[in-house]
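Below is one structure, written out as C-alpha cells, with a few remarks after it.
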Number of protein chains: 2
Amino acid sequence: MQRPVPALQNSLLEALPPADLALFAPQLVPVELERGRLLYDPGDPIEHVFFPHDGVISLMTLMENGAAIESTTIGPEGALGLMAAVAPRQSLSRAIVQTPLRAARIGAERLHEAWERSPALRDLVDRHTEALYGHAIQSVACNALHSVEERFCRWLLTCHDRISTDTIALTQEFLADMLGVQRTTVTAVARSLQEKGMIRYRRGVVDVVDRQALQQFTCECYGVIRGTYRRLLGSEPPAEKGERPPRRAAGG
Amino acid sequence: MQRPVPALQNSLLEALPPADLALFAPQLVPVELERGRLLYDPGDPIEHVFFPHDGVISLMTLMENGAAIESTTIGPEGALGLMAAVAPRQSLSRAIVQTPLRAARIGAERLHEAWERSPALRDLVDRHTEALYGHAIQSVACNALHSVEERFCRWLLTCHDRISTDTIALTQEFLADMLGVQRTTVTAVARSLQEKGMIRYRRGVVDVVDRQALQQFTCECYGVIRGTYRRLLGSEPPAEKGERPPRRAAGG
DNA sequence: CCATCAGAGTCGAGTACTCGACAGTCTTGT
DNA sequence: ACAAGACTGTCGAGTACTCGACTCTGATGG
C-alpha cells in the first residue's frame, strides 16, 4: 500500500485519451477538502467541476423543512457538476464533502472549452450523466422498498468503496438525516450490525469490519448501481479491498 | 374544448425554432398507443424516441423480484428515450404507457442526425436530461419521507396534468406496485380520499373530482418537480384546468 | 478539576404500513 | 344464465419505524 502519491486516480480522467486530457489538464487544480464542506446548494451556479481522487461527495435533495435526503454520491468513479461542462447550470442538490477529499478542480468554463474540442470528453460527460441518472432511479426504488438496515449497509459499502481506509467519520444523527429516518432507528440498526460483528461504532466514527457480511445484508441496489457505472463508464469504484475483482467482459 | 386536432402539442417540439424542427419533422410518425403497452424494458436498445402530445408514460425501476417502482413520468412536457438522440443507449427503466397516448415517434438515428446539425436541439436535449434527473432525485426524497396518501395525490396530479380528461384508468393493484406499497394500503387511502370528496373510485377507474384539494393534500414534491421542468424547459405540463396559472417571473 | 456539549443509548406509546386470508362485486365470454 | 376472472373491501395480527423525553458517556476547553 506504500506508494508515491499518484498524480491521477479519478476514473474519468484516466479514461480520457491523453490528447483530450491535455486540453484541460493544465487547468486542473489539486484540492484537499475537509469533511462537512458545503460545495453547492440548490440554485447555486456551478462554477467548478470536481474530480475526486479519494473520498466521497454526497448529493442531497433539500426539502422545504430543511431535511436533506441523499440521492446519489460522487466518488473517484465520477465528477461533481460535470453537466456544467456542457452549458452553465445551477445545482439541483446540496453537495457536501462526506469524507476527507482529494480531488482535482477546474472552472466550468475552462472545462467547457475542452468539451467543445474533444469528442471523447463529450462522450464521457454523456455517459456519466446517464450513470448518475441510473444511480438516482435505483435510489428511488430502494427508498420505497428496502429496510433501514439494508440501506444503512448500502451506504457504508458505497462510501467504503470510494475511500482508502476502513474508518468513516459519521455521526448517527447525520446518517439518519441522509436516510430520511429517526436517529433512534439508526442507533438500533447500528447496534444490531455491531453485535453481528460487521461494524464497530464509536463516537462519530464507524469502522467497517466485515465487508462481505455487509454485502450479504444489503439490498440488490448496491450491486445494480455498481453495475450501471461499470457498464456506462467502463470502470468501477476503485477499492476492491479483498473481494474478488468483478469479471470484466473482454472489450466490453 | 372543441377544437380541430392540433398538429403539435408536445412542448419540446413546440419550443424548437421552426428551422431546427424541420430537420426531423418529416420523420416524425404520429402514433396512438393503448394503455399498458410496454415500450422498453431495462437493457433494451432505445430505437425510437417518443414525444407525447397527450398522455403519460411511466418510467419504472425494475427489481430482481419483479417489483416495478415508478421513478419518473414522461408526458407532453418531455420525451421518452431522448438521450438516445445523443448516442445509442439502452433503457435503464421499464417504460409503460399509462394512459391512452397520442405521440410523435421517430427513429433514434434519424433524430441523432438532426441533433448533429441543430444546436437548439442539442441544448433542448441537455436541459430535458437535467429536468428528468431533477424529477428522479425529488422522487428519491419523496419516497423516503412522505406518506402513501401524499404520494398517491402527487401521482394523480402528475397524471392529471398531462391528459385531457378527469378520468384515469388505473387499478389499485397497479398503483400499489408503482408506489411500492401493499394493495390494501392503496385501498384504504383511496377510500379516505373518496370520503373527502377529492376523487371518485370505481372498478379500475379514478375520477379527479377536486383538484385543489388534492394539491393541498400532496407533498411539496409535486410543485418542486413542476418548477424544475418549468425552469429548465420553459414550459410546464399543459393542463391548468381551472387552477390559477403559476406566476411566471417576467423574462424569467 | 470542572463545566459544557455533542453524540449515543434507552424507553415507551403511538402510527403507518405489511402480509395473508377471505368475501364481495363487477365484467366478460360462452 | 352461468362460470370464470379481475378488481375491490375488509379484517386482524404483526412489524418497522416515529416521536418525544430523558439519561449516559466521552471529548474539549478553561
Side-chain angles (χ1 to χ4, degrees), chain A residues 34-36 63 65-70 98 141-156 167-196 198-207 217-219, chain B residues 34-36 63 65-70 98 141-156 167-196 198-207 217-219:
Chain A
E34 73 283 14
R35 188 173 91 83
M63 310 301 278
N65 67 0
I69 306 297
E70 184 179 85
Q98 199 53 243
C142 190
N143 283 355
L145 293 174
H146 297 146
S147 69
V148 175
E149 185 167 79
E150 288 171 309
R151 294 196 282 142
F152 186 118
C153 292
R154 173 159 83 90
W155 194 94
L156 284 179
T167 298
I168 303 169
L170 174 73
T171 68
Q172 295 186 351
E173 176 119 40
F174 187 69
L175 181 57
D177 274 1
M178 286 198 300
L179 298 179
V181 300
Q182 298 281 117
R183 181 187 57 81
T184 50
T185 305
V186 170
T187 300
V189 169
R191 194 165 65 101
S192 155
L193 294 181
Q194 173 149 333
E195 279 165 5
K196 290 173 192 138
M198 296 158 67
I199 64 172
R200 208 172 38 216
Y201 221 117
R202 19 188 236 283
R203 269 184 96 67
V205 177
V206 204
D207 290 312
F217 259 73
T218 195
C219 46
Chain B
E34 73 283 13
R35 189 174 91 84
M63 311 301 278
N65 66 0
I69 306 297
E70 184 179 86
Q98 198 53 242
C142 190
N143 283 355
L145 293 174
H146 297 147
S147 69
V148 175
E149 185 167 78
E150 289 171 308
R151 293 196 283 141
F152 186 117
C153 293
R154 172 158 85 89
W155 194 95
L156 284 179
T167 298
I168 304 169
L170 173 73
T171 68
Q172 294 186 350
E173 177 118 38
F174 187 68
L175 182 57
D177 275 1
M178 287 198 300
L179 298 180
V181 300
Q182 298 281 117
R183 179 186 59 79
T184 50
T185 304
V186 170
T187 300
V189 169
R191 193 166 65 101
S192 155
L193 294 182
Q194 172 149 334
E195 280 165 3
K196 291 173 191 137
M198 296 158 67
I199 64 173
R200 208 171 39 216
Y201 221 116
R202 19 188 237 283
R203 269 183 96 67
V205 178
V206 204
D207 290 313
F217 259 72
T218 194
C219 46

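Residue numbering restarts at 1 for every chain, and letters A, B, ... go by the order of the sequence lines. On a predicted model such as this, the values are computed, not experimentally measured, just so you know. All values below come from the heavy atoms of this structure, side chains included, with hydrogens, waters and symmetry mates left out.
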Where is the tightest heavy-atom contact between Phe217(A) and Glu150(A), given as atom of each residue plus distance?
-> O-CG, 3.6 Å

Looking only at heavy atoms, what is the nearest atom pair of Arg35(B) and Ala169(B), with distance?
-> NH1-O, 3.2 Å

Does the side chain to side chain contact (heavy atoms under 4.5 Å, CB included) test come out yes or no for Arg202(B) and Asp207(B), once each step is laid out?
-> CA-CA 8 Å; Arg202(B) 19 188 237 283; Asp207(B) 290 313; 2.3 Å; yes

Taking it one step at a time, do Ile168(B) and Trp155(B) satisfy side chain to side chain contact (heavy atoms under 4.5 Å, CB included)?
-> CA-CA 11 Å; Ile168(B) 304 169; Trp155(B) 194 95; 4.3 Å; yes

Identify the two heavy atoms, one from Tyr201(B) and one from Gln194(B), that lie closest to each other, and give their separation to 0.1 Å.
-> N-OE1, 2.7 Å

Main-chain N/O of Arg183(B) paired to Thr187(B) side chain as donor or acceptor, under 3.5 Å | yes

Note: contacts of residues 188-196 of chain B with DNA chain C (heavy atom, under 4.0 Å) are none

Shortest non-hydrogen contact from Arg151(A) toward Asn143(A) = NH1-OD1, 2.9 Å

Whole angstrom value for the distance that separates C1' of dT18(C) from CG of Leu145(A) | 13 Å

Using the closest heavy atom to pick a nucleotide of DNA chain C for each, name whichever of Gly204(A) or Ala144(A) lands nearer the 5' end.
-> Gly204(A)

Can you find a pair of side-chain heavy atoms, one from Gln172(B) and one from Leu175(B), that are under 4.5 Å apart?
-> no

Residues in contact with DNA chain D, drawn from residues 168-181 of chain B - heavy-atom cutoff 4.0 Å | Thr171(B), Gln172(B), Glu173(B)

Terminal axes of the helix from dC1(C)-dG30(D) to dT30(C)-dA1(D) (five pairs each): angle between them, nearest 10 degrees = 30°

Do you know which of Leu193(A), Thr185(A), Val181(A) makes side-chain contact (heavy atoms from CB on, under 4.5 Å) with Phe152(A)?
-> Leu193(A)

Mind calculating the distance between CG (Asn143(A)) and P (dA16(D)) to the nearest angstrom?
-> 18 Å

So, is Gln182(B) close to the dC17(C) phosphate, meaning a side-chain N or O under 4.0 Å from OP1 or OP2?
-> no

State which residues pass side chain to side chain contact (heavy atoms under 4.5 Å, CB included) with Arg203(A); sequence neighbours excluded, sorted by chain then number.
-> none

Shortest non-hydrogen contact between Leu145(B) and Ala67(A), atoms and distance = CD1-CB, 4.1 Å

Within a radius of less than 6.0 Å around CD of Glu173(A), do more than 12 heavy atoms belonging to other residues, nucleotides or ligands occur?
-> no

Does OP1 or OP2 of dT18(C) have a side-chain N or O of Thr185(B) closer than 4.0 Å?
-> yes

Does the dG9(C) base have a donor-acceptor partner in the side chain of Arg183(A) within less than 3.5 Å?
-> yes

Whole Å only: how far is the CD atom of Glu150(A) from the C1' atom of dC17(D)?
-> 14 Å

Is Ser147(A) touching bases, backbone alone, or none of the nucleic acid, heavy atoms closer than 4.0 Å?
-> sugar-phosphate

Check side chain to side chain contact (heavy atoms under 4.5 Å, CB included) between Thr218(A) and all other residues, then give those that pass, not counting sequence neighbours.
-> Cys153(A), Arg154(A), Leu157(A), Tyr222(A)

Pairs under 3.5 Å (N/O, protein and nucleotides 25-30 of chain D):
residue, atom, partner, partner atom, Å
dT25(D), O2, Arg203(A), NH1, 3.4

Round to a whole Å and report the spacing from CZ of Arg202(A) to C1' of dG9(C).
-> 18 Å

Grab the CG-P distance between Asn65(A) and dT18(D) for me, whole Å please.
-> 14 Å

Shortest non-hydrogen contact from Leu170(B) toward Gln98(B) = CD1-OE1, 4.2 Å

